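Notes follow the structure.
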There are 4 protein chains.
Amino acid sequence: MSAPRDLPQKAKPGAAPHALLDTAFHVFATRGYRAVRLEEVAEAAGMTKGAIYYYFDSKEDLLRRALQHRHRDIFAEISEALAAERGPASAKIRFVLRKVWLRWSEPGWGHAFRLIVGEVSVEFPAIFRIWAEEGPIQGWELVRALIEEGIAAGEFRQDVDADVAARLVLSGLMLQAALHVHLGLAELAPCDHDRIFDSAVDLFMHGLSVTHQLPARA
Amino acid sequence: MSAPRDLPQKAKPGAAPHALLDTAFHVFATRGYRAVRLEEVAEAAGMTKGAIYYYFDSKEDLLRRALQHRHRDIFAEISEALAAERGPASAKIRFVLRKVWLRWSEPGWGHAFRLIVGEVSVEFPAIFRIWAEEGPIQGWELVRALIEEGIAAGEFRQDVDADVAARLVLSGLMLQAALHVHLGLAELAPCDHDRIFDSAVDLFMHGLSVTHQLPARA
Amino acid sequence: MSAPRDLPQKAKPGAAPHALLDTAFHVFATRGYRAVRLEEVAEAAGMTKGAIYYYFDSKEDLLRRALQHRHRDIFAEISEALAAERGPASAKIRFVLRKVWLRWSEPGWGHAFRLIVGEVSVEFPAIFRIWAEEGPIQGWELVRALIEEGIAAGEFRQDVDADVAARLVLSGLMLQAALHVHLGLAELAPCDHDRIFDSAVDLFMHGLSVTHQLPARA
Amino acid sequence: MSAPRDLPQKAKPGAAPHALLDTAFHVFATRGYRAVRLEEVAEAAGMTKGAIYYYFDSKEDLLRRALQHRHRDIFAEISEALAAERGPASAKIRFVLRKVWLRWSEPGWGHAFRLIVGEVSVEFPAIFRIWAEEGPIQGWELVRALIEEGIAAGEFRQDVDADVAARLVLSGLMLQAALHVHLGLAELAPCDHDRIFDSAVDLFMHGLSVTHQLPARA
DNA sequence: TATGAATGAGTATTCATTCAT
DNA sequence: CATGAATGAATACTCATTCAT
């Protein structure tokens with residue numbers, strides 16, 4: 001699936017564009033849309049430039065379709081899966097966060113993040129907008145709803161700002177995934193992958209919870 | 001910084017390159033390093049391509065210096081400022097977070113983030129590394145230290161994972177600044193700028209605080 | 001002409017290439033040999049590029065054969081028809097001119113003229129030469145002979161330059177047909193189609209005729 | 001002026017595009033717009049491809065400007081020169097025809113004709129239209145007016161179709177120039193250059209003149 | 001026969017870089 | 001210092017041609 005693809009093999013006719021899209025996405029994400037020559041994409045896909053132009057109108061067209069093809073509306077999927085979940089809001093939130101953390105930790109995701117935030121956002125703003133709406137924004141709304149559910153149930157504090165809370169935790173995990181897992185910060189500032197998730201969610205849940213603030217010691 | 005550059009001829013250092021660096025940074029950040037032609041940078045700076053080559057060796061050189069020039073070691077500055085701060089760890093953390101949030105909210109910062117994460121990370125990994133070390137990583141360490149100070153002082157829970165907590169809150173605020181403040185998400189999912197900060201810090205402080213978990217209402 | 005072509009496999013000669021040749025000729029003539037892609041020819045002919053290569057060796061081969069196929073040695077035909085004509089030279093000339101004018105007025109002829117004069121002349125000079133010899137030059141000679149017949153019969157002036165006269169009238173009608181009838185000048189400078197022929201022949205005949213020059217009125 | 005240009009020499013700065021336009025026109029006219037590579041044009045102009053793109057946006061742009069640059073509104077010039085002419089309409093017409101015949105006999109004109117009729121007409125119809133309007137059509141009108149002047153003066157027959165007469169003689173001379181002088185027919189069907197003009201004009205004048213038709217001998 | 005897929009040499013175009021003035 | 005002009009290597013894209021099926 002998200003495997004880097006073993007390139008040299010002959011692409012089956014008919015399925016060729018499919019494999020091509022995966023390869024193109026991978027190459028663009030890894031090396032940069034602008035920085036990579038179409039010929040390199042072709043080579044990586046085991047074909048020649050001409051073949052790409054048989055299927056796509058231009059480099060831009062290839063990128064667009066590659067993005068569409070790779071695009072999985074993760075929060076729509078999660079919403080569905082969530083419907084089957086029972087239990088308190090905190091459990092549901094934990095469920096959601098685990099799902100996204102796993103997805104964002106998949107190999108290649110960080111490069112996709114880089115591609116979209118770094119290049120698509122300036123070169124194809126319309127595509128960036130779609131990503132933003134179906135990605136982060138939808139995520140914020142899903143989690144915000146769950147937090148509000150928890151507030152209504154008395155599980156979380158009345159005065160929690162559900163919207164901002166959702167934004168903070170998802171943005172935090174997303175950027176951690178991008179920087180730490182994919183962009184090399186794991187080597188510069190090592191931290192166990194599971195620990196990041198567990199501690200982050202713990203902290204987040206503490207922040208939401210109904211509490212008694214103890215008087216400061218001093 | 002704005003070093004005079006040792007060039008064969010009588011190069012009068014200073015003024016001109018200074019403005020050029022700002023312009024170059026702005027144009028690269030806004031429109032993309034790869035996507036923008038040097039001629040456009042020159043035009044934006046009110047000179048011609050040739051003039052740029054009087055000051056810089058190449059487009060890459062221009063980018064490097066522009067990044068250096070714009071780079072302010074924010075956490076070093078904050079560390080210094082922090083030295084004068086009295087009060088509990090929570091106050092110090094709030095002080096630090098406010099500083100970074102304001103800095104990250106400055107116009108153009110989000111584009112710089114885009115430039116660095118999106119283009120520099122793949123094209124000039126060494127520069128990216130420097131940015132990472134002096135930026136996020138240093139930030140994480142500064143805040144982690146303050147959290148540990150709070151833990152030691154009994155102000156925060158003993159079982160808080162200071163490292164991850166620091167990562168989460170800084171990553172969260174950083175990506176919020178980039179996406180929300182600069183990359184257009186403010187229009188797609190409006191949220192007041194100050195509220196994001198205030199609510200986020202509130203949530204974070206709650207998450208750290210020593211608390212009495214009340215029995216669930218039901 | 002529509003020769004079966006000796007190809008390695010069991011090539012069923014005939015029908016298909018015939019239509020193809022017509023289509024190819026039309027497309028090349030209308031849109032330009034160089035400017036048109038073979039794929040467009042194929043599409044216009046209701047087949048695919050590959051099929052064309054079953055019948056023809058190359059784009060050039062297709063053009064050659066299309067030209068041959070469309071080529072009708074008009075002046076040879078006219079010579080034959082002329083043999084049956086009785087009457088004075090002027091009548092024969094009128095007969096010939098009417099024939100060529102009608103032929104040159106046929107739809108598509110102007111584009112063929114364009115193709116041959118505009119593209120074939122520089123890209124395939126040998127083909128152009130054949131066209132010139134069987135077309136204009138043969139025409140000039142045919143008409144010149146008729147004029148000389150008229151001169152010998154005392155019908156035309158002794159001092160008429162039969163060669164140049166033939167050239168002038170045929171060139172004039174030919175370019176009028178090309179420009180006026182086919183290349184759009186009819187809209188920019190309207191003139192009735194039959195009138196062009198009738199008046200032109202009238203003028204020509206007056207020019208040839210034995211006359212008494214009257215003294216200028218003033 | 002219309003000299004083929006001695007290419008290797010260094011183009012003076014500032015005047016470069018001027019020489020380039022001439023060269024480009026020459027190369028396109030001689031070898032075909034579509035058939036010629038931009039690099040060949042550059043080479044012929046003593047520069048490199050890049051330099052052409054410094055001055056022109058595209059190959060098409062170069063052609064357009066080259067056509068404009070070379071374009072001399074011959075009939076406008078002739079109209080002016082004509083104003084100084086005294087004498088009967090026949091003399092004026094002879095004057096005009098001589099002018100155009102000389103112009104159309106200039107080296108390179110036939111190639112220009114080929115370029116415009118053969119390629120420009122199908123690829124850039126708008127430019128072709130302009131050429132048609134300022135060339136043939138304006139010529140027809142000028143000569144038609146002179147013929148009408150002659151008719152009014154009693155010099156020419158009342159029943160001459162001035163419009164068609166003008167068309168015929170100009171088209172005849174134009175195509176003779178193109179085919180005979182420039183496109184190689186002079187070798188296939190030799191005819192003295194001056195004789196073509198003199199005999200053609202003689203014939204034309206006879207055709208226009210007031211005459212007494214003698215009874216046919218038979 | 002005919003097609004869809006693929007090729008690769010060719011071509012227009014771009015753009016970082018150079019340099020005489 | 002600065003510019004206009006020019007370069008040429010790189011790159012997107014085209015299209016005649018091939019070929020397995």
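From a predicted model like this one, the values you see are computed outputs, not experimental measurements. A note on names: the letters A, B, ... follow the listed sequences, proteins ahead of strands, and every chain is numbered from 1.
Separating the CE atom of Met47(A) from the C1' atom of dC13(F) is a distance of 17 Å, rounded to the nearest angstrom. As a whole-Å value, the separation of Glu40(C) CD from dC15(F) P is 8 Å. Note: CG (Leu62(A)) to P (dC13(F)) measures 10 Å, nearest angstrom. To the nearest angstrom, C1' of dG4(F) lies 15 Å from CD1 of Ile52(B).
Residues Thr48(B) and Ala35(C) both approach DNA chain F. Their nearest nucleotides, taken by heavy-atom distance, put Thr48(B) toward the 5′ side.
In this pair, His182(B) and Trp109(B) present their aromatic rings tilted. The plane angle is within the 30 to 60° band.
Here Glu119(B) pairs with Arg114(B) in a salt bridge; the nearest charged N to carboxylate O distance falls below 4.0 Å. Classification of Arg34(D) and Glu123(D) as a salt-bridged pair holds, one side-chain N sitting under 4.0 Å from a carboxylate O. Of the charged side-chain nitrogens involved, at least one lies within less than 4.0 Å of a carboxylate oxygen, so that Glu40(A) and Arg31(A) count as a salt-bridged pair.
Taking the six-membered ring for Trp and the full ring otherwise, His111(D) and His26(D) have centroids separated by 6.0 Å or more. Taking the six-membered ring where the residue is Trp, the centroids of Phe25(B) and Tyr33(B) are separated by 6.0 Å or more.
Glu60(B) is linked by a side-chain hydrogen bond (donor to acceptor under 3.5 Å, both in side chains) to Arg64(B), counting only residues two or more places apart in sequence or in another chain.
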Checklist entry - When Watson-Crick pairs (N1 to N3 and N6-O4 or O6-N4) and G-U wobble pairs (N1-O2 and O6-N3) count only below 3.5 Å on both distances, what is the dot-bracket string of DNA chain F, with | for other-strand pairs? => result .||||||||||||||||||||

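Dashed line: the shortest gap from a side-chain N or O of Tyr54(B) to OP1 or OP2 of dA2(F) is not under 4.0 Å.
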Item to check | Letter per nucleotide, 5' to 3', of nucleotides 16-21 of chain E [B base touched, S only sugar-phosphate touched, - untouched; heavy atoms, 4.0 Å] | outcome: BBBB--

Next on the checklist: Checking Phe28(B) against Leu67(B) for the side chain to side chain contact (heavy atoms under 4.5 Å, CB included) test, could you report, in this order, the C-alpha distance in whole Å, the side-chain angles of both residues, the deciding distance, and whether it holds?
Outcome noted: CA-CA 10 Å; Phe28(B) 286 153; Leu67(B) 286 169; over 6 Å; no

